[in-house]
Amino acid sequence: MQGVAVGRAVDLTALHGYGELIDELEKLFDIKGQIKPRNKWEIVFTDDEGDMMLVGDDPWPEFCNMVKRIFICSSQDVHKMSTGTKLPISSIEETVISSDTAET
């Protein structure tokens, strides 16, 4: 499915951390065991300003409050990016739209 954008909803309020998010994404896209080693795929996200960052760099509650969209990108594309880069839509491998994040 490389190069194909696929939308899915993920309820972050039902998850308790990055490990559960990775498990959920691997299950949704039938790529069990391919995200955790970070050698083929990386998870990045956009915030409300459209900046793209690596998943896992922020504390879980902070991440849940600022994430707008989650992307599964090839590790090669992520290594080409710099902090705050906007990734061209053509290089997105799979797209997961985050939803149901609770505003506190």
Side-chain angles (χ1 to χ4, degrees):
M1 299 232 335
Q2 189 168 352
V4 177
V6 179
R8 295 286 197 292
V10 176
D11 181 2
L12 296 178
T13 63
L15 305 176
H16 296 95
Y18 290 113
E20 289 184 15
L21 174 62
I22 291 169
D23 291 343
E24 182 69 18
L25 294 174
E26 287 181 340
K27 187 170 81 174
L28 275 173
F29 293 103
D30 196 27
I31 52 174
K32 185 83 173 141
Q34 294 184 35
I35 295 176
K36 284 183 185 174
R38 299 177 86 168
N39 57 0
K40 183 174 182 177
W41 304 108
E42 294 270 357
I43 306 172
V44 295
F45 72 97
T46 56
D47 62 9
D48 53 0
E49 296 176 0
D51 292 329
M52 191 162 280
M53 296 166 273
L54 283 173
V55 165
D57 288 350
D58 299 292
W60 178 252
E62 187 177 322
F63 166 77
C64 289
N65 286 329
M66 69 176 155
V67 63
K68 297 300 173 201
R69 298 183 82 179
I70 298 171
F71 302 90
I72 302 172
C73 301
S74 73
S75 294
Q76 285 181 327
D77 284 343
V78 171
H79 292 293
K80 293 176 191 174
M81 294 169 49
S82 60
T83 305
T85 300
K86 292 179 178 30
L87 187 66
I89 197 75
S90 62
S91 56
I92 295 171
E93 304 302 339
E94 310 222 3
T95 305
V96 179
I97 300 172
S98 64
S99 67
D100 301 327
T101 55
E103 295 288 329
T104 55

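Quantities reported herein were computed from a predicted structural model and do not represent experimental measurements.
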Participant: When rounded to the nearest 0.5 angstrom, what distance separates NZ in Lys27 from CD in Glu20?
Facilitator: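 So the NZ of Lys27 and the CD of Glu20 are separated by 10.5 Å.
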Participant: Could you grab the distance from atom CD of Glu24 to atom CG of Leu12, nearest 0.5 Å is fine?
Facilitator: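 Here the rounded value is 10.0 Å.
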Participant: Starting at CD1 of Ile72, measure out to CG of Asp77 and round the result to the nearest 0.5 Å.
Facilitator: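 The CG atom of Asp77 is 13.5 Å from CD1 of Ile72, to the nearest 0.5 Å.
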Participant: Flag the pair Leu54 / Ile43 as yes when at least one side-chain heavy-atom distance between them is below 4.5 Å, and no otherwise.
Facilitator: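 Side-chain contact under 4.5 Å: no.
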Participant: Please check this pair: side chain of Asp58 against backbone of Glu62, looking for a donor-acceptor N/O pair closer than 3.5 Å.
Facilitator: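 It does not hold such a pair.
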Participant: With a 4.5 Å limit on heavy-atom distance, are the side chains of Ile31 and Lys40 in contact?
Facilitator: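 When only atoms from C-beta onward are counted, Lys40 and Ile31 do not touch, as no gap falls below 4.5 Å.
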Participant: How many angstroms lie between OH in Tyr18 and NZ in Lys36, if you round to the nearest 0.5 Å?
Facilitator: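 NZ of Lys36 is found 15.0 Å from OH of Tyr18.
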Participant: Check whether any side-chain heavy atom of Val44 lies under 4.5 Å from a side-chain heavy atom of Val55, and answer yes or no.
Facilitator: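 No. Closest side-chain heavy atoms not under 4.5 Å.
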Participant: Are Met53 and Asp47 close enough that some pair of their side-chain heavy atoms sits under 4.5 Å apart?
Facilitator: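 In contact.
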Participant: Does any non-hydrogen side-chain atom of Trp60 lie less than 4.5 Å from one of Leu15?
Facilitator: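 Counting from C-beta outward, Leu15 and Trp60 do come under 4.5 Å.
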Participant: Taking the inter-plane angle between the rings of Phe45 and Phe63 on a 0 to 90° scale, is it parallel (under 30°), tilted (30 to 60°) or perpendicular (over 60°)?
Facilitator: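 Correct class here is perpendicular.
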Participant: Looking at Pro61, is its backbone amide N or carbonyl O close enough to the side chain of Asn65 to form a donor-acceptor pair, meaning the two atoms are under 3.5 Å apart?
Facilitator: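 Flag set: sc Asn65 to bb Pro61 pair under 3.5 Å.
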Participant: Are Phe29 and Arg8 close enough that some pair of their side-chain heavy atoms sits under 4.5 Å apart?
Facilitator: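 When only atoms from C-beta onward are counted, Arg8 and Phe29 do touch, with a gap below 4.5 Å.
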Participant: More than 12 heavy atoms of other residues, nucleotides or ligands under 6.0 Å from CG of Asp30: is that the case?
Facilitator: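 12 or below, so no.
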Participant: How many angstroms lie between CG in Asp51 and CE in Met66, if you round to the nearest 0.5 Å?
Facilitator: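 If I round to the nearest 0.5 Å, the distance is 10.5 Å.
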Participant: Nearest 0.5 Å please: distance from the CD atom of Glu42 over to the OG atom of Ser75.
Facilitator: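 Going from CD on Glu42 over to OG on Ser75, the span is 4.5 Å.
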Participant: Within the distance-only criterion (no hydrogens, no angle test), does the side chain of Glu26 pair as donor or acceptor with the backbone N or O of Ile35 below 3.5 angstrom?
Facilitator: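 Answer holds: yes.
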Participant: Could you go step by step and tell me if Ile70 and Thr46 meet the side chain to side chain contact (heavy atoms under 4.5 Å, CB included) rule?
Facilitator: CA-CA 7 Å; Ile70 298 171; Thr46 56; over 6 Å; no
